[in-house]
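First comes the structure, then the notes that go with it.
Numbering starts at 1 and runs along the sequence shown.
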Amino acid sequence: MTDSPKAGTSPFSFKPYVEKEGEEYMDEAQLKHFETILNNWKVQLMKEVDRTVHHMQDDAANFPDPNDRATQESEFSLELRARDRERKLIKKIDEALKEIESGSYGFCESCGIEIGVRRLEARPTATLCIDCKTLDEIREKQMG
């Protein structure tokens, strides 16, 4: 399995899981596969946090020109918002890792059915099956 960073929406690439005939859903091999994906994703996000901290420390300057200062503050603000989203994602990754430990990973928290290997590979922190997620999004739209 390769877990190298790549461009795009995924923080890394991995070899898709190949299900074996008669294999039980979320058996030891599948759980190990997702545990590896989640841990590698978390490592990549933590590296980004460290990079941001170092960048902000190294590039922080007190510009005499108000426009330069405003530009720097705007850049830092965007970077901090991105890191805040990633912090929330790290929390979701930790929750998914706990679900793996408890044996509840891969099952919809709403209806209890299998979320599915491919859906979990696309979104390893998914907690709802596609049907429950669709209903959830419809309710969200109706609420405003």
Point to revise | Considering all heavy atoms, the nearest Cys129-Arg119 contact | key: C-NE, 3.9 Å

Check your understanding: Do Ile113 and Leu120 share a hydrophobic cluster (ILVMFWY, side-chain heavy atoms under 4.5 Å, transitive)?
Key -> no

Exercise for review: Calculate, to the nearest 0.5 Å, the distance between atoms CD and NZ belonging to Glu140 and Lys133 respectively.
Suggested key: 6.5 Å

Point to revise | Distance, nearest 0.5 Å, that separates CG of Leu31 from CD of Glu99 | key: 11.0 Å

Practice item. Quick one: closest heavy-atom pair of Ala126 and Ile115, and the distance? Key: O-CD1, 3.5 Å

Exercise for review: Starting at CD1 of Ile93, measure out to OG1 of Thr125 and round the result to the nearest 0.5 Å.
Suggested key: 7.0 Å

Check your understanding: Are His33 and Glu121 side-chain neighbours, meaning at least one heavy-atom pair lies under 4.5 Å?
Key -> yes

Check your understanding: Would you call Arg51 and Glu48 a salt bridge, taking side-chain N to carboxylate O under 4.0 Å as the test?
Key -> yes

Review point. Atom CG in Asp84, atom CG in Leu89: separation rounded to 0.5 Å?
Key: 11.5 Å

**Study point:** Evaluation steps, side-chain contact (heavy atoms from CB on, under 4.5 Å), between Glu86 and Met46
**Key:** CA-CA 9 Å; Glu86 290 170 353; Met46 296 302 289; over 6 Å; no

Study note, to complete from the structure: Rounded to the nearest 0.5 angstrom, the OG1-CD1 distance for Thr36 and Ile100 is 8.5 Å

Practice item. Go through the steps for Lys92 and Glu95 under the test salt bridge (charged side-chain N to carboxylate O under 4.0 Å, His left out), then give the verdict. Key: CA-CA 5 Å; Lys92 285 184 176 184; Glu95 290 168 2; over 6 Å; no

**Study point:** Single-linkage hydrophobic cluster, 4.5 Å side-chain cutoff, Leu128 and Met26 together
**Key:** no

Check your understanding: What's the shortest heavy-atom distance between Cys108 and Cys111, and which atoms?
Key -> SG-N, 3.4 Å

Review point. Can you name the nearest heavy-atom pair linking Val49 to Arg83, along with the distance?
Key: CA-CD, 4.0 Å

**Study point:** Side-chain (Ser74) to main-chain (Ala70) donor-acceptor, under 3.5 angstrom
**Key:** no

**Study point:** Any residue meeting side-chain contact (heavy atoms from CB on, under 4.5 Å) with Lys20, in chain and number order, not counting sequence neighbours
**Key:** Tyr17, Glu23

Review point. Going by heavy atoms in the side chains, are Glu35 and Glu101 under 4.5 Å from each other?
Key: no

Practice item. For residues 95-144, pull every pair meeting ring-ring contact (aromatic ring centres under 6.0 Å, His included), keeping only residues two or more places apart or in separate chains. Key: Tyr25-Phe107, Phe34-Tyr105

Check your understanding: Are the side chain of Asp136 and the backbone of Cys132 linked by a donor-acceptor contact shorter than 3.5 Å?
Key -> no

Review point. From Glu73 CD over to Leu78 CG, what is the distance, rounded to the nearest 0.5 angstrom?
Key: 12.5 Å

Review point. Is Lys98 salt-bridged to Asp94, going by a charged N under 4.0 Å from an acidic O?
Key: no

